[in-house]
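As the structure lists them, so they are numbered: ligands from 1, and atoms in each ligand from 1.
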Amino acid sequence: MAASKFRVPVLNPCDPRALLREHGIHPSRALGQNFLADPNTARRIVRLADVGPGTRVLEIGPGLGALTVALAEAGATVHALELDRHLIPILKAVVSGIPNVTVEQGDALTWDFAALRDEPLRDKSLRDKSWVCVSNLPYNVATPVVARLLEEAPQMTRMLLMVQREVGERLVAPPGSRIYGAVSVKVAYHATSRIVGAVPPTVFVPRPKVDSALVLLERRPAPSVDVPSYDALFRLVGAGFAQRRKMLRRALVPVLADRTEAVLIAAGVAPTERAEALDLESWASLARAAS
Ligand code: SAM
C-alpha cells in the first residue's frame with residue numbers, strides 16, 4: 001500500500017534509551033517492556049500486516065511508540081492501548097502532531113473490544129469497518145490477549161502479532177506436535193495462522209532473553225466446524241489438554257463423567273487417544289456427540 005505524507009515526530013521512539021533516560025523510566029519486566037529500537041523492524045511489521053491508508057489499527061502495548069509511528073507513517077488510523085500510565089505522556093508527546101493516532105490507557109486483559117465497533121470515523125474516506133490488530137504484545141499476557149481478540153473482537157479481521165517464539169509456535173501448531181495445545185485449537189477454530197517472520201533480541205531495549213516471532217492470524221468468515229455450543233467444545237478441549245499425557249477416556253471424565261467412553265466411540269475417536277492427536281474436526285465431532 002502507498003505511504004501517506006507524514007511529519008517526523010519531535011521525539012524519536014526508535015531511540016528508547018534516550019526517551020527512558022530523559023523521563024527517568026526503568027522498563028518494567030512485569031509489564032513485558034522490551035522496546036523496539038529498530039525502525040526497519042517496525043516498517044517490516046507494518047508491511048507484513050498489509051497496513052496502509054484507510055486501515056483501522058488497534059495497537060496493544062504501544063510503549064514508547066516505535067510501531068505506532070510506523071503504522072501512522074503508512075497512513076493507518078491507530079488506536080493505541082497502553083496499560084502503563086507512566087508511558088502515556090511520553091507516548092502522547094511522541095505522536096503529537098500525527099493526526100490519525102489516539103492513545104488510551106487501558107488493560108488489554110479487560111478492555112472492552114466492542115468499543116472499537118462504535119468508534120466514530122475520523123477519516124471519512126475509510127470504507128472498511130473491519131480492524132487490524134498490529135502489536136508487539138507484552139509476552140507474559142500474549143496468549144490470553146490473543147484468545148480475547150479471537151473471542152471478543154469479531155471486527156478484528158487480521159492480526160499481526162509479535163510474540164515470544166515459543167508462544168507463536170504454539171498458536172500455529174498443528175495436531176500431533178508436543179506444543180499443540182488448547183490455544184492452538186482455539187486459533188484454528190477462528191482463524192488461519194502462520195509464522196511470517198523471526199525477530200532477534202538485538203532489536204529491543206532492553207534485550208529479552210528469548211527470540212520473537214511474527215504471527216499472522218486471518219479470521220475465517222465463519223468457523224470451519226459446526227458445533228452446538230462453543231463453550232461446550234472448549235470445555236472438552238480444556239479438559240483434554242489439562243491432562244495431556246492421559247488417554248482421553250481418563251482426561252475427559254471431569255466433563256463427560258460416566259459417558260466418556262461412549263461419547264468417544266460415538267464421535268469416532270479412539271478412547272486411547274491423547275488430546276494432542278485430535279484435530280479441530282475431531283474435537284467438534286466429540287462436542288456434537290456429547291451434546
Ligand atoms: N510496542 C512497543 C514497542 O514495540 O517498542 C512496546 C512493546 S512491549 C513488548 C509491550 C508493551 O505492552 C509495554 O509498553 C507494556 O507497558 C504494555 N502492556 C503490558 N501489559 C499490558 C496490558 N495488559 N494491556 C496493554 N498494554 C500492556
*asked:* What I want to find out is whether E281 reaches R288 closely enough, with some N-O distance under 4.0 Å, to be called a salt bridge.
replied: yes
*For G106, atoms of ligand 1 separated by under 4.0 Å from a heavy atom*: 24 (N), 25 (C)
_Nearest non-hydrogen contact with atom 2 (C) of ligand 1 belongs to which option: A142, P62, A66, P208?_
P62
*Within a distance under 4.0 Å of any heavy atom of Q33, pick out the atoms of ligand 1 and give their elements.*
13 (C), 15 (C), 16 (O)
*Look at atom 5 (O) of ligand 1 and say which protein heavy atom is nearest, naming residue and atom and giving the distance to 0.1 Å.*
L36 N, 2.7 Å
_Residue G61 vicinity, atoms of ligand 1 by number, heavy atom under 4.0 Å_ = 1 (N), 2 (C), 6 (C), 7 (C), 11 (C), 12 (O), 17 (C), 26 (N)
*Presence of salt bridge, E218 and R158, under 4.0 angstrom*: no
*Is any N or O atom of I60, backbone or side chain, closer than 3.5 Å to an N or O atom of ligand 1?*
no
_Which residue and heavy atom of the protein sit nearest atom 18 (N) of ligand 1, plus the separation_ = P138 CG, 3.7 Å
*Could you list the atoms of ligand 1 found under 4.0 angstrom from a heavy atom of E59?*
1 (N)
*Do me a favour and list the nearest non-hydrogen protein atom to atom 4 (O) of ligand 1 with residue, atom name and distance?*
N136 ND2, 2.8 Å
*Answer side chain, backbone, both or neither: which part of L81 comes under 4.0 Å from ligand 1, heavy atoms only.*
backbone
*Does the salt bridge (Lys or Arg N to Asp or Glu O under 4.0 Å) test come out yes or no for R165 and E169, once each step is laid out?*
CA-CA 6 Å; R165 193 186 72 195; E169 287 171 349; 3.5 Å; yes
*asked:* Nearest 0.5 angstrom please: L278 CG to L286 CG, how far?
replied: 6.0 Å
*Within a distance under 4.0 Å of any heavy atom of L87, pick out the atoms of ligand 1 and give their elements.*
14 (O)
*Looking only at N/O atoms, are D84 and ligand 1 under 3.5 Å apart anywhere?*
no
*Is E273 salt-bridged to R249, going by a charged N under 4.0 Å from an acidic O?*
no
*Is there any N or O on N34 that sits under 3.5 Å from an N or O of ligand 1?*
no
_How far is atom 16 (O) of ligand 1 from the closest protein heavy atom, and which atom is that?_
E82 OE2, 2.6 Å
*Aromatic ring pairing Y189/F234, orientation class (parallel under 30°, perpendicular over 60°, tilted between)*: perpendicular
*Does one side chain, of E59 or T68, offer a donor that lies under 3.5 Å from an acceptor on the other?*
yes
_Test log, rule side-chain contact (heavy atoms from CB on, under 4.5 Å), inputs I88 and K92_ = CA-CA 6 Å; I88 298 287; K92 283 191 170 162; 3.9 Å; yes
*What protein heavy atom sits nearest atom 8 (S) of ligand 1, and how far away is it?*
G32 O, 3.3 Å
*In the protein, what heavy atom is nearest to atom 23 (N) of ligand 1, and what distance, to one decimal place, separates them?*
D107 OD1, 2.7 Å
*Check whether any side-chain N or O of D211 sits under 3.5 Å from a backbone N or O of P200 as a donor-acceptor pair, and report yes or no.*
no
*Check M162 against ligand 1 and report side chain, backbone, both or neither, counting heavy atoms closer than 4.0 Å.*
neither
*Q164 side-chain N/O to E166 backbone N/O, donor-acceptor pair under 3.5 Å*: no
*Quick one: does S135 get within less than 4.0 Å of ligand 1, heavy atoms only?*
no
*Can you pull out the closest protein heavy atom to atom 26 (N) of ligand 1? Residue, atom name and distance to 0.1 Å, please.*
L83 N, 3.3 Å
*Among all protein heavy atoms, pick out the one at the shortest distance from atom 24 (N) of ligand 1; state its residue, atom name and that distance to 0.1 Å.*
A108 N, 2.9 Å
*Between R47 (side chain) and A42 (backbone), is there a donor-acceptor pair under 3.5 Å?*
no
